Structure formats: structure tokens, C-alpha cells
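The structure appears right after this line, and notes come after that.
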2 protein chains.
Amino acid sequence: MSVTLDHPSEASRAETRRAQIRAAAADCFRQHGFHGTSIAQISKAAGMSTGHIYHYFENKEAIIADIVAQDLERSLTLTTELRSASDVKDAMVERAIEGVEHNLDPSSAGLQLEIVAEAARNPHIAEIVRAADRACRGSLADTIRTQRQAAGHQDSEATIAGMVEALAAMFEGLRIRTIRNPDLDQAAVVQVFRRMIHDLLSQTP
Amino acid sequence: MSVTLDHPSEASRAETRRAQIRAAAADCFRQHGFHGTSIAQISKAAGMSTGHIYHYFENKEAIIADIVAQDLERSLTLTTELRSASDVKDAMVERAIEGVEHNLDPSSAGLQLEIVAEAARNPHIAEIVRAADRACRGSLADTIRTQRQAAGHQDSEATIAGMVEALAAMFEGLRIRTIRNPDLDQAAVVQVFRRMIHDLLSQTP
DNA sequence: TAATATAGATTGAACGTTCATTCTATAATG
DNA sequence: CATTATAGAATGAACGTTCAATCTATATTA
């Protein structure tokens, strides 16, 4: 709508500041959790005053919601990418290492766990998380269904849904594993995961 | 040393009170998280004054640590139980339903996620959690190793460790799944899990 | 047994601090 | 000059924790 974009400011200036606050807040949340982090801490990390934060976010919860939404958008992208592969089974087995690596990164895992824990009790955050999860499940179910049908298997929708949940549990479970066992052998996990995914997608009734 | 035990009080009175506080606190923590719960809330839920809480716990973190320790002791018991089964593979497949049910209970899952999220940033809680996890892994590794050797397989320790991590990730991952997808089809998950566990324990190089 | 002493359980108010949020004033921008 | 960005002080509520006081019940004494 706005025409004058001579300067990079205009609309983008505000978004830059918002991103700056998001990044600083995410850092704080990783270290101290949502409710262990104060606005004062966030403002310090972002290099601005406390009052200024409220110029860009209505309140603390809005910052949390923004980070959650941004984070979930990223994971939706990852899930959708799989569908474009020519041989889905091979692609999933091959890319298992990426999924394992991604979910085992402790700082990422910490924030993700904070988000789910918050979703377990905060209806507003739960809504955002569940909508994103629904989209991810749908995408993954499509991917698996296509692959199974192409291989000549006949599965009920419940079976497909069960496979989706099992795969999701495996990868998301790694976020818990990396906290509970920081010395976990990543290579060994990748090897076992590959075999399990292969077997799951090839299984006959 | 003390002889007079006419009344059930003496030493047990204090433990009763501690248990009462633990239960009330766990309830609050489930609903509002560790750092979203105030001592005032806990004291109200436990039906006693705020000051009285400090008669039994040094501070808020001590209550958290106590609940965490108690919770982890229970999961260690569950893991150890498996070892006594005659046919471990059958037992694991048969008892998959219990593991799935247990980890899918939303109120249990919520507190467990709160604990892991706290462990991700609080070294004291991390220490408790990791010690318990080490014990569980050891027990599960023994169980799997025995079963695999009995079936004539030759696995490296890394492979056994990978299997342990995969199984742990699957079941613990369900805690995340039940929050992100409350409508999850439990029966479908049980069926897929059974097959996956069977295949994992029977797999050949 | 009646009277007193003592220990521990329990209370709720008070403390100093920190919190999220709002208000006010100044600087930068266009 | 008008608007927006920014800073920082101000506000009142809520926090974890402490503490002096009271209540309850058992033990001691006479």
C-alpha cells in the first residue's frame, strides 16, 4: 500500500526492531524459561529500554506467542520439503540424520521443550501449537500415504495416523533425550533411526 | 532411639505434612508451571499458611527437587520391572500399551515436560534428572543386551545404546505428542509401537 | 490428679525486592 | 513542524522469605 520506500525504514524499521526483540527474548527464554525471564532482562539483552519493548509488543505473552509462531513456521517448512522428493522412503532414510541433528541441538531443544510445557497449560499458546501440529501431521500423512500406495500397500487411515505419530514421537522425543542424556551417541541413534524408518515404511500387515 | 510411639505422630507426622505439600505443589506446578506457581498458591492448596511451608522445605526449589526425585524414582521402578520377564521381547511388546498409556496421560505429561524444561537450564535439577536417566538406561541396556544375546545376535555396545535411546525417545516423545495433538489415536499408536519394538529387537545387521 | 513446663506446630503479618506495565519527557526523523 | 522512536523514572501489585507470636499437646512435677 505505502509507496515511498526510498529508505529501508518505513515499514521494515519496526520489523527489524521486533526481530531484535524476538532474538534477545529467545536467548533469555532458553536460559531462564518464559516465566523466569523478566522484561528488564529482555530489554538489556536487546540493548534498549524496558518501555521501548512495549512500543512493539503489547505485553510479555505477545513476545512469547510471536516466538512460538515463528518457530513452528520453520518446522512446517521442513515437513513440507519432504513431499517433493522423488523416492520418499529413501529421502526419509537419507534425511534422518538432519532430523536427528536438528532435534538433538540442546539450545534448540531447550526452547522447544519450554514451548510445549507452556502449551500444556496456556490455552492461547496451545492453540498456536496445535494448529501448526495439525498442518505438519497432514503434510506428513500425505507423504506417507503416497509412498505406501505407490509400494502397493493398503493401509487404513488409522494406520497412517499411527505411523505419523510414531515418527513424530521418535524425533520430538530426541529433544527430551538430549537434555536427559547430554552424552548421547548421535551416530548410533542415526543408524538405529534409519533402520526403524525403513522398516516402518516397508512393513506389511 | 525414642521409645514412646503411642501416637502415629513422632517421625511420620512430618513426612505426612511433606507429602501433603508435595501433592499440593505438584498440582499447582501442573497448572501453572514451576515459576508460575507462588508459595501462596501452594500453601492455599495444601490448606496451611505460607510460613508453615518453610518449616518443611528450605525454599521453593527444594520442593521442586523433591517432586522431581520422587517422580524419577517411579520411572526407575518401571524400567527395572521389565528385566524380570522370562521372554523380554514378548514382555516389551505386550507391555507397550502400558508405556503408551502412561506417557499419553496429559496431566502426567505436563509435569514431566515441565521437569525436563527446568532441567535444561537448572543445573541442580539437571543433575537429579541425569543420574536417574543413567540408571534407567543401564537397566534397559542390560535387558536388551540379554535378550539379543539369547537370540544369537552380536551387537556392539554402541548399537545397544542406540536402541535404548530410540526406545526412550519413542515413549518420552509421546509426552510431547499428547500436548501437541490431544486427539491422538491411542490404539493406532499402540499397534504401530508394538510392531516397531518387535522389529527393533529382532533386527539383523 | 492438678498444675506447670516445655517443645514443636502453626499462623499471618511484615520485609525488601522484583515484577510487568504505564507515564512523561526528550531525541531523531522526514 | 509533526510524528515517531526511545529512554528511563514511576507505580502498585506480587513475589519469596523471615519472624515474632500463638496455639496444641505431651511431659514433668508435686
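Just so it is clear: chains get the letters A, B, ... in the order the sequence lines come, proteins before strands, and each one is counted from 1. Note that the structure is a prediction, hence the values are computed from the model and not measured. What you see below is based on every heavy atom in this structure, not just the backbone, and it leaves out hydrogens, waters and symmetry mates.
Nucleotide D/dG16 holds its P atom 13 Å from the NE2 atom of A/H35, rounded to whole Å. Note: CD1 (A/I39) to P (C/dT22) measures 11 Å, nearest angstrom. The CG-P distance, from B/N59 to D/dT17, rounds to 5 Å in whole Å. Atom NZ in B/K44 sits roughly 12 Å away from atom P in D/dC15 (whole-Å rounding). Atom pair A/H52:NE2 and C/dT21:P shows a separation of 17 Å (rounding to whole Å applied). In this structure, A/I53 places its CD1 atom 14 Å from P of C/dC19, rounding to the nearest Å. For A/I21 and D/dT6, the CD1 to P distance is 9 Å, given to the nearest whole Å. The distance from atom OH of A/Y54 to atom C1' of D/dT11 is 13 Å, rounded to the nearest whole Å.
For A/R13 and D/dT4, the shortest distance from a side-chain N or O to OP1 or OP2 is not below 4.0 Å. At the phosphate of C/dC19, OP1 or OP2 sits under 4.0 Å from a side-chain N or O atom of A/S38. Proximity of A/Y56 to the phosphate of D/dT6: a side-chain N or O atom is located under 4.0 Å from OP1 or OP2.
Across D/dA7, C/dT22, C/dA13, the shortest atom-to-atom separation from the side chain of A/M48 is found for D/dA7. When each of C/dT10, C/dT21, D/dA5 is scored by its nearest atom to the side-chain atoms of A/T50, the top-ranked nucleotide is C/dT21. In this structure, the nucleotide among D/dG16, C/dT10, C/dT21 sitting nearest to the side chain of B/K60 is D/dG16.
Comparing A/F34 and B/H55 against DNA chain C, the residue whose closest nucleotide sits nearer the 5' end is B/H55. Looking at which nucleotide of DNA chain C each of A/E58 and A/Q41 is closest to, the 5′-most match is held by A/Q41.
Using a 4.0 Å heavy-atom criterion, one finds that A/S43 contacts no nucleic acid atom at all.
Ring geometry for A/Y56 versus A/H52: interplanar angle of 30 to 60°, hence tilted.
Rounding to the nearest 0.5 Å places CD of B/Q41 at 11.5 Å from CG of B/D27.
Between B/R17 and B/Q20, the side chains place a donor N or O and an acceptor N or O closer than 3.5 Å (distance only, hydrogens not considered). A/E165 and B/N181 are linked by a side-chain donor-acceptor pair at a separation below 3.5 angstrom, with hydrogens and angles left out of the test.
In this structure, the side chains of A/I64 and A/F29 come closer than 4.5 Å at one or more pairs of heavy atoms.
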